[in-house]
Number of protein chains: 2
Amino acid sequence: MGRKKSFDQHIVVAQMSTLFVQRGFEGTSLDDLVTATGLLRGSLYSEFGSKQGMFMACLKANLKKQPLDDVTWRLLLVAMLELTSNSQAVNEIVSQWYAKQNSPNIATQLGQQVLKHSHILSGDNDNGKRS
Amino acid sequence: MGRKKSFDQHIVVAQMSTLFVQRGFEGTSLDDLVTATGLLRGSLYSEFGSKQGMFMACLKANLKKQPLDDVTWRLLLVAMLELTSNSQAVNEIVSQWYAKQNSPNIATQLGQQVLKHSHILSGDNDNGKRS
DNA sequence: GTTTTATTTGACTGATTGGTCAAGTAAAAT
DNA sequence: ATTTTACTTGACCAATCAGTCAAATAAAAC
C-alpha cells in the first residue's frame with residue numbers, strides 16, 4: 001500500500017470549487033489552489049494531473065448534486081466560457097449534462113447566475129483587492 | 001500638433017473586441033493585442049492606459065450600437081464574469097447599461113449567449129490549439 | 001531650417017504562470 | 001528489521017504576463 005494520503009478528496013474538491021467559482025479558471029492560480037487546500041503542488045498534480053484536471057474533478061463532483069446549487073451553476077458557466085470551446089474533455093462533460101436536461105429555460109438560469117455573480121447595481125466590488 | 005497617429009481608433013477597438021470576445025479578458029494577452037492590431041505596446045498603452053482601459057474602450061464603443069449584436073453581448077458577459085466584481089469602473093459601465101434596460105428577459109439573452117459561445121453539442125472545439 | 005510637440009518603437013523588467021522531479025517520509029509487505 | 005510502495009515536499013524551470021521608458025521619428029509651429 002505505501003503511505004496514506006494526507007487529505008480528503010471531497011474536502012479538497014470543495015475548497016478548489018470555491019476558488020474556481022470566485023475567480024474563474026484562468027483567474028485561479030496554482031498558488032491560490034495550494035493556499036486554499038493546504039496541499040503542495042506535487043500532491044495536487046499527482047492527484048489531478050493538471051490544472052484542468054483539478055477543474056474537471058470539481059465539475060464532475062458538483063454535477064452529481066441534485067438540484068444544482070449556485071456553485072455548480074457557476075462552475076458550468078466557467079466551463080462554458082473558458083474551457084468548453086478549447087477542451088474536448090470539458091466539452092463532453094458539459095454536453096452530456098446539457099443533453100440530459102429537458103428544461104426549456106436553461107439559458108435563463110445561466111443568465112441569472114451571470115447577473116448574480118456580476119454584483120451589478122449593488123456596488124460591493126473591491127477594486128481588485130484580494131484578501 | 002506633433003506627429004499624427006498611425007491608426008484609426010475605431011478599427012483598433014474593433015480588432016481588440018474580436019479578441020476579447022474570443023478569449024475573454026484574462027485569456028487575451030498584450031502580445032495577442034499587439035499582433036491583432038498591428039500596433040506596439042507603447043502605442044496601445046499611450047492610447048488606452050492599461051489592458052483594462054483597452055477593454056473598457058471596446059465595451060463603451062460597442063454599447064453604443066443598437067440593437068446589441070453578438071460581440072456586444074459577449075463583451076458584457078466577459079465584463080460581468082471577469083471584471084465587474086473587481087473593478088468599480090467596469091461595474092459602473094455595465095450597471096448604467098443594465099439600469100436603462102427594461103426588457104424582462106436580459107437573463108435569458110445572456111444565457112443564450114453563454115450557450116452559443118460554449119459550442120456545446122457541436123463538437124467543433126480545437127483542443128487548445130491556436131492559429 | 002530650427003524648435004517644439006506628439007507618436008512610435010521595441011528592448012527590457014520584475015512578477016507570476018503552470019508544471020516537474022529528486023529527495024524525503026510514512027505506511028504496508030516481507 | 002529490511003525492503004518496497006505510495007505519497008509529500010518545495011526548490012526549481014522555462015514561458016509568459018502586464019507594464020515601462022529612453023531613444024527614434026514625424027509632423028506642426030515658428
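Residue numbers start from 1 in every chain, and the chains themselves are labelled A, B, ... in the order their sequence lines are given, proteins ahead of strands.
With a 4.5 Å cut-off on side-chain heavy atoms, A:Val34 and A:Leu39 do not count as touching.
Rounded to a whole Å, the CZ atom of B:Phe25 is 13 Å from the P atom of D:dC17. Whole-Å rounding puts the A:Phe20 CZ to C:dG18 C1' distance at 12 Å. As a whole-Å value, the separation of A:Leu30 CG from D:dT16 C1' is 15 Å. For the pair B:Asp32 CG and D:dC17 P, the computed distance is 7 Å after rounding to whole Å. Taking atom NZ on B:Lys4 and atom C1' on C:dT5, their separation rounds to 14 Å, with Å as the unit. If you take OH of A:Tyr45 and P of C:dG18, they are 7 Å apart, rounded to a whole angstrom. Between A:Asp8 atom CG and D:dT8 atom C1' the separation is 17 Å, expressed in whole Å. Across the protein-nucleic acid pair, B:Leu33 atom CG and D:dA18 atom P stand 8 Å apart, rounded to whole Å.
OP1 or OP2 of C:dT8 has not a single side-chain nitrogen or oxygen of B:Lys5 nearer than 4.0 Å. Listed pair B:Lys51 / D:dA18 meets the phosphate criterion, a side-chain N or O lying under 4.0 Å from OP1 or OP2.
We find that B:Lys65 and B:Asp69 are joined by a salt bridge, their nearest charged nitrogen and carboxylate oxygen being less than 4.0 Å apart.
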Exercise. Checking side-chain contact (heavy atoms from CB on, under 4.5 Å) for the pair B:Leu110/B:Met80: CA distance, chi angles, key distance, verdict?
Worked result: CA-CA 10 Å; B:Leu110 286 169; B:Met80 287 173 148; 4.0 Å; yes
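No side-chain donor from either of A:Asp32 and A:Thr35 sits under 3.5 Å from a side-chain acceptor of the other. Checked by atom type, the side-chain pair B:Ser85/B:Asn91 shows no donor-acceptor distance below 3.5 Å.
Across all strands, B:Phe7 comes closer than 4.0 Å only to sugar-phosphate atoms, never to a base (heavy-atom distances).
The main-chain N or O of A:Thr28 is found under 3.5 Å from a side-chain atom of A:Lys51 such that the two form a donor-acceptor pair.
Under the 30°/60° scheme for interplanar angles, the aromatic rings of B:Phe20 and B:Phe25 are found to lie parallel.
Comparing A:Ser46 and B:Gln52 against DNA chain D, the residue whose closest nucleotide sits nearer the 5' end is A:Ser46.
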Problem set entry | Per-nucleotide protein contact string for nucleotides 9-16 of chain C, where B marks a base within reach and S marks sugar-phosphate only (heavy atoms under 4.0 Å, - for neither) | BBB-----
